[in-house]
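The block underneath contains the structure these notes are about, expressed in structure tokens.
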Amino acid sequence: MHLEKIFDSIGEKLFNYLTIKLCSPLDAEDVLQEVFCRLARYRVRFRFIQNPSAYVFRVARNEAIRFLKNRKRNPERYHSVEKLSEVIQDNLIGLENEALNQTAKALTQIPEEQREVIVLKFFEDLTFKEIASVCGISINTTTSRFRYGMKKLRILLEGQHEGSG
Amino acid sequence: MRDLDKIQILLERLSPKPLPPEFREKILSTAYQKQRNIQVIIHVLQKALFICGVLGVMALVFDTVITNSENKHLAAMMDGSQTSEVLIEKDLQEIAAELFEIEYDKNLNQWLIRHYKTEKKSAKLESYQNIIEILKEQTNEK
């Protein structure tokens with residue numbers, strides 16, 4: 001599989017995932033660049049890899065974690081709700097719709113681990129098995145993070161509805 | 001449960017903005033450039049490794065050759081000393097015979113012969129060599 005094919009199939013999803021993970025499109029671009037350089041450098045033989053897209057997401061996730069460690073950024077401060085909300089507003093379309101806008105805002109308020117699973121599930125269209133492989137966790141943990149995340153989203157959205165109502 | 005389905009539908013409707021057209025080219029061209037750089041470095045390293053290997057083999061071969069030559073030399077000096085001794089003795093006899101024929105400076109000749117006999121008793125190879133040198137010098141002077 002050539003780099004062009006990889007980019008055409010999951011490049012946009014990767015960039016979106018990294019933007020939400022790093023809370024910065026510029027950092028996401030740097031990390032995405034490094035991911036592709038890494039793939040090119042090691043001439044990854046994709047025919048020996050069962051699930052190339054999950055593999056590339058795993059590489060991107062590792063690269064993002066390395067990037068954050070190198071920058072010595074405090075993830076709590078880095079993933080501030082305001083910053084994340086701003087990034088999501090800038091990078092998602094369809095937010096003119098009030099319900100979608102509220103959902104996107106609620107997404108910024110759930111814990112990072114749960115948000116990551118939800119983002120990978122809905123935005124990047126990965127299966128639970130693939131998400132488990134990307135995050136290096138079991139499928140049970142993945143599904144439970146997803147469940148808890150969705151519950152929190154529901155609570156947050158209900159609260160917003162009640163508040164607006 | 002119904003609420004969760006609704007949230008899922010909402011989340012599915014959220015989609016990321018498309019990437020700018022030059023973004024793809026930028027990422028891929030940089031990646032390929034780095035790949036080419038790495039290939040050049042790998043090529044240079046392979047050549048360096050090959051040269052080092054060849055030099056290493058050459059060093060081993062030369063070392064073996066030199067060691068063999070040294071061993072032969074040492075064998076000639078130590079183990080093969082009898083052969084050398086025979087040769088030296090032969091030389092000495094020839095030179096001594098020539099010296100006997102020379103009439104003048106008989107004292108020197110006698111000293112040389114005495115010296116040769118003394119040294120021969122002690123059977124020192126180095127002494128024989130010294131005698132040969134002295135005798136050769138003397139013969140040349142005459």
Side-chain angles (χ1 to χ4, degrees), chain A residues 2-8 11-17 19-20 25 28-30 32-43 88-95 97-104 106-107 118-119 121-125 146-147 149-158 161, chain B residues 1-70:
Chain A
H2 294 294
L3 291 181
E4 286 93 345
K5 278 187 182 174
I6 298 168
F7 194 93
D8 292 339
E12 204 172 291
K13 288 177 179 178
L14 273 175
F15 180 72
N16 184 51
Y17 165 67
T19 305
I20 294 173
E29 189 180 331
D30 288 346
L32 188 66
Q33 181 68 80
E34 189 50 42
V35 168
F36 275 86
C37 286
R38 204 169 275 273
L39 293 174
R41 205 181 304 152
Y42 297 129
R43 291 182 182 179
I88 283 182
Q89 292 282 334
D90 287 345
N91 287 277
L92 293 179
I93 49 174
L95 297 181
N97 183 308
E98 186 58 28
L100 288 181
N101 196 10
Q102 282 181 352
T103 311
L107 196 61
I118 291 172
V119 165
K121 178 75 183 157
F122 289 111
F123 296 177
E124 326 309 349
D125 301 322
F146 178 77
R147 250 196 338 269
M150 291 301 285
K151 268 185 187 176
K152 279 183 187 160
L153 274 181
R154 192 183 66 183
I155 293 164
L156 285 164
L157 287 170
E158 278 174 1
H161 279 300
Chain B
M1 193 67 193
R2 240 178 139 179
D3 287 342
L4 282 180
D5 289 343
K6 202 178 168 184
I7 294 167
Q8 284 193 17
I9 291 164
L10 286 170
L11 284 169
E12 280 164 2
R13 280 175 62 193
L14 284 171
S15 55
K17 280 181 183 170
L19 295 173
E22 69 276 12
F23 189 83
R24 179 184 183 273
E25 298 311 314
K26 190 182 161 191
I27 297 280
L28 290 177
S29 62
T30 313
Y32 281 123
Q33 183 60 43
K34 284 209 173 178
Q35 188 184 37
R36 277 193 293 275
N37 292 347
I38 293 289
Q39 277 174 347
V40 168
I41 292 168
I42 287 170
H43 191 66
V44 169
L45 284 176
Q46 277 175 343
K47 276 193 173 177
L49 196 70
F50 176 74
I51 291 166
C52 285
V54 169
L55 286 174
V57 170
M58 279 171 73
L60 280 173
V61 169
F62 281 127
D63 184 55
T64 313
V65 169
I66 290 165
T67 309
N68 281 344
S69 150
E70 274 180 355

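For chain B, the nearby parts of Phe36(A) are the backbone and the side chain; heavy atoms of each come within less than 4.5 Å. For Phe146(A), the part lying under 4.5 angstrom from a heavy atom of chain B is the side chain only. Using a 4.5 Å cut-off between heavy atoms, Lys13(A) makes no contact with chain B at all.
The heavy-atom pair separating Ile27(B) from Glu29(A) by the smallest distance is CD1-O, 4.0 Å.
Of all residues spanning residues 30-38 of chain B, those with a heavy atom less than 4.5 Å away from chain A's heavy atoms are Thr30(B), Ala31(B), Tyr32(B), Lys34(B), Gln35(B), Ile38(B), arranged by number.
Residues forming a side chain to side chain donor-acceptor pair (under 3.5 Å) with Lys17(B) (at least two apart in sequence, or on another chain): none. For the side chain to side chain donor-acceptor pair (under 3.5 Å) test, residues two or more places apart in sequence or in another chain that qualify with Glu124(A) are Asn16(A).
Two residues are said to be in side-chain contact when any heavy atoms from C-beta on lie closer than 4.5 Å; Glu4(A) and Arg24(B) meet this criterion. Side-chain contact between Leu32(A) and Phe23(B) is present, with heavy atoms from C-beta onward closer than 4.5 Å. Proximity of Leu11(B) to Met150(A): side-chain heavy atoms (C-beta onward) are separated by under 4.5 Å at one or more points.
Note that the CD atom of Glu12(B) and the CG atom of Leu100(A) stand 11.5 Å from one another [nearest 0.5 Å]. The CD1 atom of Ile7(B) lies 13.5 Å from the NZ atom of Lys152(A); values are rounded to the nearest 0.5 Å. Remark: Thr103(A) OG1 to Ile9(B) CD1 distance equals 11.0 Å, nearest 0.5 Å.
Here ring-ring contact (aromatic ring centres under 6.0 Å, His included) pairs that include residues 42-61 of chain B, with residues two or more places apart or in two chains, number zero.
Taking chain B as the reference chain and counting heavy-atom pairs below 4.5 Å, the highest number among Ile118(A), Leu107(A), Asp8(A) is found for Asp8(A).
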